[in-house]
Amino acid sequence: MEETSTMPDAAVPGPAPAVPPTPPVPLAALLAREDLGLRQIAGPQDSATVIHWAHTSEMADPYPYLLGGELLLTAGVHVPEAAGSGTYFDDYVSRIVEAGGAALGFGVAPVHDTVPRALVVACDDYGLPLVEVPPRTTFSGVARAVWQLMAQARHTELRRVTEAQQSLAAAAARPDPVPSVLRQLAQRVGGRATLYAPDGGEVASAGRMPGAGGADGGGEVSGALAGLVAVVRPTTRDGSGGVSASGGGGGPTPSSASDTAAGVHLAAYALGTGQGFVLGVAAPRRDPGDHTIASVGAVLLSLLTGEHQSSTGAARSSALVRLLLGAAPEEVAPLLGGGERWVVVHARPDGPAPDAVTASALGAALGSALVDVDGDVVRVLVPAGHRELTVQPGWTCGVSAPVGSHDWASADTQAGRALSRARATRARLVRHGEHQGLTDLVPPTEAAAHARTLLSPITANPALTETLRTWLSLHGSWDRTAVALSVHRNTVRQRITRCATLLSTDLDDPDVRMELWFALRHA
């Protein structure tokens, strides 16, 4: 999401220093490195002082070579002999401050034995931290330490963002997803998160509003956040069919904006539902990863608010209620937006167990929002014929045959078996019954009756039936059957031996295997 400034044109300062996207390093952390022996001898000793990089220059005027946020390192080669009696150091320090330099490091050796007194006075006057670099410490060693600290900070920030993403995704899967996401977001940024309705009212909020006394609501901070929310709220249609821009002003409406009020960092994110919902965030500080964390929260809230506000979401809720109250599947199927035929997909990711976000992404790729996470498997109910189901990168899938709504349960079983076969054969996608065979020529009722009679000795034990089915489908492979069923290969052997005993047959006979496979397909 793009950030924009909400500051009036007249109040816009000069361009901000172009700093890298890595977390800055506190100057205090660099001074704490005992191996460097650095010592601050002038300027404000503020714990909030940070540096974004280290740069060495012996130019009398370093301004053209600075980007802002640097620790500028110099050995004073450029300093003339009579510098202490004139305005040289005042001019030198003022140019560093004007360029946005964060601090100045002066090397004691090989040119100077001590830091010039006039330089110390100038840094105090202009509020520029001055650091003495001892003779034993090289500038390259200082620069290396800066990058090491930046790498550590970057790793810490990435871990923080990753943990926040996981917790927000888990919150979105809770029974009360919107309040849960807001609570988690407020906790992660250490402030307050609020969901605003299209009319500007608060739908839900969580956390404490930073500011004077930490009071919730009211005050300068709340008013500033509400104003920022109005900036990013998309245009809406009024009751007469006309168009009104709730954000005011001309030009395109930004998707996000940020500002500061009373020392509190504010941000607003327009949710991508087209409904006018906006997420507002107020935090006491602006850490590098906060924008990413808030953006993840905005995406999740976009999905949640879009689901509850759209007609399709309402229809799905209605279908669920009717099913719970005893309606037949064929009665509620039209509410789900599909046709007369459906397929069930069982999918398992290559990596960690799926969460609500990854499951929703898979459902979107398959063309359906009807998604269920069941342990390490995602089940998706997809209208048949709407789009071709193809292999999804990072997933192993089993697909049922197209069925009517009254056969959803059977299709679920088919998809589960197809997924087991796909995993055992290391195929990315397996479809149930892709090709017709001779068994399709037998009337289904007669085939089912024959299957019940033949398999009756083992039907009381589902584990035996499923093991025999899987074992036959994998051509009698003990190892692949064990993988498909997630059991030990010895367990497979014991079950197959038990099946042979109960059925009083020789499972090494190919005719017997064919007969049993026919029966299992129609059981």
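Looking only at side-chain heavy atoms (C-beta outward), Tyr126 and Asp90 come within less than 4.5 Å of each other. Within the 4.5 Å cutoff, side-chain heavy atoms of Arg428 are placed close to those of Asp350. Between Arg379 and His346, some side-chain heavy-atom pair lies under the 4.5 Å cut-off. Under the 4.5 Å side-chain criterion, counting only non-hydrogen atoms from C-beta, Leu301 is not in contact with Tyr269. Looking only at side-chain heavy atoms (C-beta outward), Ile41 and Phe106 stay at 4.5 Å or farther from each other. Leu27 places a side-chain heavy atom less than 4.5 Å from the side chain of Gln40. Between Leu185 and Leu279, some side-chain heavy-atom pair lies under the 4.5 Å cut-off. Here the side chains of Val221 and Arg192 are not in contact, with every heavy-atom distance at 4.5 Å or above.
Taking OG of Ser222 as the start and CE of Met209 as the end, the distance is 3.5 Å to the nearest 0.5 Å. With values rounded to the nearest 0.5 angstrom, Leu72 atom CG is found 11.5 Å from Ile51 atom CD1. Atom CZ of Phe139 sits about 10.5 Å away from atom OG of Ser57, to the nearest 0.5 Å. Rounded to the nearest 0.5 Å, atoms CE (Met59) and CZ (Arg95) are 11.5 Å apart. Rounded to the nearest 0.5 Å, atoms CG (Leu130) and CG (Leu119) are 5.0 Å apart. To the nearest 0.5 Å, atom OH of residue Tyr63 and atom CG of residue Asp91 are 15.0 Å apart.
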Evaluation steps, side-chain hydrogen bond (donor to acceptor under 3.5 Å, both in side chains), between Ser420 and Arg423: CA-CA 5 Å; Ser420 295; Arg423 293 187 61 225; over 6 Å; no
Working for side-chain contact (heavy atoms from CB on, under 4.5 Å), residues Leu228 and Val232: CA-CA 7 Å; Leu228 193 64; Val232 302; 5.8 Å; no
Criterion side-chain contact (heavy atoms from CB on, under 4.5 Å) on Tyr88 and His78, from CA distance to verdict: CA-CA 11 Å; Tyr88 180 85; His78 56 87; 2.6 Å; yes
Verdict with reasoning, Arg33 to Leu38, per side-chain contact (heavy atoms from CB on, under 4.5 Å): CA-CA 8 Å; Arg33 290 278 297 256; Leu38 304 180; over 6 Å; no
Test log, rule side-chain contact (heavy atoms from CB on, under 4.5 Å), inputs Trp395 and Leu429: CA-CA 9 Å; Trp395 294 87; Leu429 186 146; over 6 Å; no
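When all heavy atoms of Tyr196 and Ala226 are compared, the closest pair comes out as OH-N, 4.5 Å. Between Ala282 and Val264 the shortest heavy-atom distance is CB-CG1, 4.1 Å. Minimum heavy-atom separation, Gly76 to Val111: O-CG1, 4.1 Å. When all heavy atoms of Val115 and Val108 are compared, the pair lying nearest together is CG2-CG2, 4.0 Å. Taking all atoms of both residues into account, the shortest heavy-atom contact from Ala261 to Leu266 is CB-CD1, 4.0 Å. Here the closest non-hydrogen pair linking Gly191 and Pro210 is CA-CG, 4.1 Å.
With 3.5 Å as the limit, one finds no donor-acceptor pair spanning the side chains of Arg183 and Gln187. A donor-acceptor contact closer than 3.5 angstrom links the side chains of Ser167 and Gln184.
No donor-acceptor distance shorter than 3.5 angstrom exists from the side chain of Glu34 to the backbone of Ala32, with no hydrogens or angles considered. With hydrogens and angles disregarded, no donor-acceptor distance shorter than 3.5 Å links the side chain of Arg188 to the backbone of Asp290. Judged purely by atom type and a 3.5 angstrom limit, Arg348 has no side-chain atom pairing as donor or acceptor with the backbone of Val377. In terms of modelled atom types and a separation under 3.5 Å, the side chain of Thr137 and the main chain of Leu36 share a donor-acceptor contact.
In Arg144, the CZ atom is not crowded: 12 or fewer heavy atoms of neighbouring residues, nucleotides or ligands sit closer than 6.0 Å. Within a 6.0 Å radius of CG in Asp113, other residues, nucleotides and ligands contribute 12 heavy atoms or fewer.
Ion pair Arg154/Glu157 not flagged as a salt bridge, since none of the NZ, NE, NH1 or NH2 atoms sits closer than 4.0 Å to an Asp/Glu carboxylate oxygen. Using a 4.0 Å cut-off between charged nitrogen and carboxylate oxygen, Arg160 and Glu163 do not count as a salt-bridge pair.
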